[in-house]
Amino acid sequence: MKHQATIAVVGSGYVGLVSAACFAEIGHRVICVDNDEEKVHMLNAGGVPIHEEYLPELLSRHQNGSVEFTTKLHEATAQADAVFIAVGTPQSDTGDADLSYVDAVASEIARSVDGYKVIVEKSTVPVYTNEWITRILERNGTSKEAFDVVSNPEFLREGTGVTDFLHPNRIVIGVENERAAKVMRRIYEPLTSGEYYSLPHAVPGGRTASNPPPLLEMSTKAAELTKHATNAFLAMKISFINAVANICDAAGVNVEEVAKGIGMDERIGPKFLRAGIGYGGSCFPKDVAAFRWVAEQLGQQFDLLAEVEKINNQQKKLFFRKIRSALWTLRGKDLAVFGLAFKGGTDDIRESPAIEIVQMLLKEGSRVTLFDPAASERAKAVIPEGPQVRYATDMYEAVRDAHALVILSDWQEFAAVDLDRLRQTLRHPIVIDGRNLFDPVLMLDKGFTYFSVGRPYPAVGTKALKDR
Ligand code: UGA
């Protein structure tokens, strides 16, 4: 492709690896750097360390051609037009983002800059990080003319990261001068021109050649803030609907009807209004805390975010109480659990509300049989097998003889379970669903005692509900 650039991506976690594969997919040469030798070796041998739709296909399509993996950051920097920093920015004890990995990478990049480079923040970072990176490069002797720092936040969801990258709502570029802007425009041109979408092998998604994504240019600080504000807003939407769901529970109203009613208002929108057990994952919990910290540092109180966190923490406890009240006592009960990942479609268990709820069940003396289509191996590291804990290899094995089924992640395959077989396999036909995967009326018809979030348990004789 005519826009080809050489891109170094530093970090091969979810963001780095997906970005590396997608940059190769849109025609660039990519050198992906990680300091974990074992991981680099695995990637070079064709392994894929994470569960992500389309990622194995893209990596095998471009490996040994346009994507390579290495531990040598300086060699990658020397060859690259742009260096994307996609290393972790975990939460520190005080709530702010720990930027030590970004710091270390920036210092090393500084020692390898031998011509003009664009250094791109891809990881989620607080406002002003671009200025720190600039300072680090300068302190390490890199001249001002030899580089620019750009913010290009990602909006990828785990599980659908490849599609989100290639079919984005928008591409945000925080940039301070035309020289750096040109490099960034060239990198994304296969998407913004629509050219990529006409290719026969293009990954399918919402964008087409005639409806390509916009590239939004703004100041670097505005781009940094856009990322934090986006995640904080989405987390707020989830906490909002969860608080509404709790009112619905008390008032005997179905929260999904309310969510539909408010979501059709274009100013609100229908997405991220699914009530459940609270948000988790490696982004929302840490980013809400980090954004609150940023606000505080800038002398602003953003108490709304404290409330968002509070509702989210309560939601797990409320659901746990719902399980307890459905079963009366938890000690000695055999419970089947579907879902350990922080949501369906991923093997990631970081900050997973499912893991916390299982730990609460164990503390109360329940025995659990756990099933997750992708996250069991990772879960075993935090919830090891033992007298109270077993892992099942499929849904029906998990529910055999269980007193009840508890659903904690929204995997599509859970929603497609054979309900008749499920009822026959459970010891008692009780389902406590933290993700609202089933229609309460259908569950009643199928003979289940069914509890979900913000949806009243339909009384026997309410079949008319179905015909409304
Ligand atoms: C999130 C954002 O959606 C991405 O745009 C962003 O790029 C990413 O964080 C990041 O900053 O790296 P992700 O954490 O992969 O992506 O997951 P989401 O799909 O956003 O879900 C987050 C959590 O909210 C999950 O626990 C999910 O189950 C929960 N959720 C989501 C709800 O409870 N209700 C909803 O309606 C939506």
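Computed over heavy atoms, backbone and side chain alike; hydrogens, waters and symmetry mates excluded. All ligand and atom numbering here is 1-based and tracks the order in the structure.
A salt bridge links Glu217 to Arg185: at least one charged side-chain nitrogen sits closer than 4.0 Å to a carboxylate oxygen.
Close N/O approach between Ser282 and ligand 1 is not found [any backbone or side-chain N/O within under 3.5 Å]. Between Lys343 and ligand 1, a contact under 3.5 Å exists for at least one N or O pair. Inclusion of Pro353 in the set of residues having an N or O under 3.5 Å from an N or O of ligand 1 is not warranted. Considering both main-chain and side-chain atoms, Gly281 never comes within under 3.5 Å of ligand 1 through any nitrogen or oxygen pair.
Side-chain contact between Val308 and Tyr279: present, with at least one pair of heavy atoms (C-beta onward) separated by less than 4.5 Å. Within the 4.5 Å cutoff, side-chain heavy atoms of Glu25 are placed close to those of Tyr196. The side-chain heavy atoms of Val120 and Ile7, taken from C-beta on, include no pair separated by under 4.5 Å.
With a heavy-atom cut-off of 4.0 Å, Ile238 touches ligand 1 through its side chain alone. Neither the backbone nor the side chain of Tyr14 comes within 4.0 Å of ligand 1, counting heavy atoms alone.
Under a 4.0 Å heavy-atom criterion, Lys237 is not in contact with ligand 1. In this structure, Cys283 is part of the shell of residues with a heavy atom less than 4.0 angstrom from ligand 1. Within the structure, ligand 1 lacks Gly276 among the residues with a heavy atom less than 4.0 angstrom away.
If you check which protein heavy atom lies closest to atom 15 (O) of ligand 1, you get Glu158 N, 2.6 Å. Scanning all protein heavy atoms for the shortest distance to atom 4 (C) of ligand 1 gives Leu156 O, 3.3 Å. Nearest protein neighbour of atom 3 (O) of ligand 1, counting heavy atoms only, is Arg157 CG, 3.2 Å. When only non-hydrogen protein atoms are considered, atom 28 (O) of ligand 1 lies nearest to Arg435 NH1, 2.7 Å. With hydrogens left out, the protein atom closest to atom 5 (O) of ligand 1 is Phe155 O, 3.2 Å, a heavy atom.
Taking all heavy atoms of Glu351, Arg274, Arg350 into account, the minimum distance to atom 34 (N) of ligand 1 is reached by Arg274. Comparing heavy-atom distances from atom 37 (C) of ligand 1 across Phe165, Phe272, Tyr279 singles out Phe272 as nearest.
Annotation: Phe155, atom CZ; neighbour count of heavy atoms from other residues, nucleotides and ligands within 6.0 Å is above 12. Around the CZ atom of Arg390, the shell of radius 6.0 Å holds no more than 12 heavy atoms that belong to other residues, nucleotides or ligands. For Glu38, the CD atom counts as loosely surrounded, since its 6.0 Å shell holds 12 or fewer non-hydrogen atoms of other residues, nucleotides or ligands.
Listed by number with element, the atoms of ligand 1 under 4.0 Å from a non-hydrogen atom of Lys227 are 6 (C), 7 (O), 10 (C), 11 (O), 12 (O). Close contacts between ligand 1 and Phe284 involve ligand atoms 1 (C), 2 (C), 3 (O), 9 (O), 20 (O), 22 (C) [criterion: under 4.0 Å to a heavy atom]. Heavy-atom proximity to Leu273, at under 4.0 Å, picks out these atoms of ligand 1: 36 (O).
A donor-acceptor contact under 3.5 angstrom links the side chains of Asp34 and Ser12, judged on distance only.
Each of Arg455, Arg321, Lys322 was evaluated against Asp249; a single residue qualifies, Lys322, per the salt bridge (charged side-chain N to carboxylate O under 4.0 Å, His left out) test.
The aromatic rings of Trp411 and His51 sit perpendicular to each other, their planes meeting at more than 60°, with 30° as the lower class boundary. Ring planes of Phe371 and Phe338: perpendicular class, angle over 60° (limits at 30 and 60°).
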Q: Walk me through it: do Glu158 and Lys343 pass the test salt bridge (charged side-chain N to carboxylate O under 4.0 Å, His left out)?
A: CA-CA 9 Å; Glu158 285 183 18; Lys343 63 175 185 177; over 6 Å; no
